[in-house]
2 protein chains.
Amino acid sequence: MSPRGKVLNDTMRSETLQKITGGALSIFAEYGFYGATMKKIAEATGLSYGLIYHYFKSKEEVFIYLVNLALMKTREIFEKSLTQDGDPWEDLNTLSKTLIEESLTGDSVLFFHIMLQALAQGKHLPELKEHIDKNSQLIFEKMIHVVVKGQAVGKVVEGNPIALITSYLSMIQGLALYMFQDGSIPSIITHEYLLNVLRK
Amino acid sequence: MSPRGKVLNDTMRSETLQKITGGALSIFAEYGFYGATMKKIAEATGLSYGLIYHYFKSKEEVFIYLVNLALMKTREIFEKSLTQDGDPWEDLNTLSKTLIEESLTGDSVLFFHIMLQALAQGKHLPELKEHIDKNSQLIFEKMIHVVVKGQAVGKVVEGNPIALITSYLSMIQGLALYMFQDGSIPSIITHEYLLNVLRK
DNA sequence: GTCTATACACTGATAGAC
DNA sequence: GTCTATCAGTGTATAGAC
């Protein structure tokens, strides 16, 4: 999972490693796991081909490393926004605002694209599927509390909470896909449209 | 675009061609354009490797053919559902019901997966992007009329119609992505959750 | 740590037998 | 129409010089 088995998740070992992961992120996001090649990644970083193998032992390991990074960033957003100690609708508002205004803009959207590629093509990377499933479940559990509480106070629309959350998360992934093609879309989409999914 | 340049879109030339497109559909849907190989496709059809090249001149041509098929099926659904001569909300209800209950179930979902793969990785197939953009625009135009009319009669929520439609279409693509992983989700998602995006 | 050169398998596409 | 055999090019990963 982690390169050379010693790198911590919070701080990168060296500047070179940052260059590699940065280049790999953009290439994997654009071409997917199979379409990305080590040659393209090397060219994107400006470094030499063989050097990547000094930091990662395989292409698959680079990809899994980046997906885990994306999973961590995503979970962090959900955990920070859903404080669960005040108005549940306020939590959902903060979450939606953060997702639309921060996660789906600039370079941050690359992490969503990586997730997209992992979901669309990662069926044959078992280790990947495990991590994704585990993290998705944690996010789901976190949201269920807020949604149910929101329904109790009459702010969230009726319906199966699992179905509502699935709808919500689906729209985010779908929006990320749209922004893949056309970068001009985000400007007209505000968090209010995302909240429409849950609003009573 | 069309195999050997003479095949009509409505009727397949032979049973063999159907086998090829069927196998190719499932492989492309699962692996994406780059991850799919002609060998895998041949194995999925049960036919020999070289035979595919008797019907299509390249892997790219097979993919583009299938994406166009998916685009046509998608457009057909939108055009049939949005009659535009009655209650606009009724149109949106019909559309949502068809999408959830027919398009996102069984083998039909493979066409959405193909679209997903094309959107996620088709940036470097220019011919593809053209067709997708053209068809997307037609769908958008068709929907705008209904959404604006729905807002006029107070059934559709306020907001930028383009943003509302983008939200709606994003959720569908996102749901297709979810069903890629977990086939059990569709059972709890009804068209009502999709309509929540537009409901006032 | 960083680079170039290379081994080796796989892929897309073609040729040609039946 | 259908098949097997094959070619040229590309891809991952490694070896080894500096």
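None of the values given here were measured: they were computed from a predicted structure. Order of the sequence lines fixes the chain letters, A, B, ..., with proteins taken first and strands second; residue numbering starts at 1 for each chain.
Contacts between chain B and DNA chain D, taken as any atom within less than 4.0 angstrom of a protein heavy atom, begin and end at D:dG1 to D:dT4.
Put simply, B:Tyr53 has a side-chain N or O that comes within less than 4.0 Å of OP1 or OP2 on C:dA13.
In terms of the salt bridge (charged side-chain N to carboxylate O under 4.0 Å, His left out) criterion, B:Glu130 has no residue partners (sequence neighbours excluded). Listed by chain and residue number, nothing satisfies the side chain to side chain contact (heavy atoms under 4.5 Å, CB included) test with A:Thr105 (two or more places apart in sequence, or in another chain). Under the ring pair (Phe, Tyr, Trp, His ring centres under 6.0 Å) criterion, A:Phe180 pairs with A:His113, sequence neighbours left out. Annotation: salt bridge (charged side-chain N to carboxylate O under 4.0 Å, His left out) contacts of A:Glu60 (sequence neighbours excluded): none. For B:Phe28, the ring pair (Phe, Tyr, Trp, His ring centres under 6.0 Å) partners at least two apart in sequence or on another chain are B:Phe63. Every residue was checked against the salt bridge (charged side-chain N to carboxylate O under 4.0 Å, His left out) condition with A:Lys73, not counting sequence neighbours, and none meets it. Taking the side-chain hydrogen bond (donor to acceptor under 3.5 Å, both in side chains) definition, one finds that B:Tyr193 meets it with nothing, sequence neighbours left out. The ring pair (Phe, Tyr, Trp, His ring centres under 6.0 Å) check on A:His124 picks up B:Tyr31, with sequence neighbours excluded. Residues forming a salt bridge (charged side-chain N to carboxylate O under 4.0 Å, His left out) with B:Glu79 (at least two apart in sequence, or on another chain): B:Arg75.
Taking a 4.0 Å limit (strictly below) on heavy-atom distances, residues 37-52 of chain A reaches DNA chain C at A:Leu47, A:Ser48, A:Gly50, A:Leu51.
Recorded end-axis angle for the helix from C:dG1-D:dC18 to C:dC18-D:dG1 stands at 0°, based on five pairs per end and rounded to 10 degrees.
Rounded to whole Å, atom P of C:dT4 lies 16 Å from atom NE2 of A:His54.
Between A:Tyr55 and A:Thr21, the side chains place no donor N or O within less than 3.5 Å of an acceptor N or O (distance only, hydrogens not considered).
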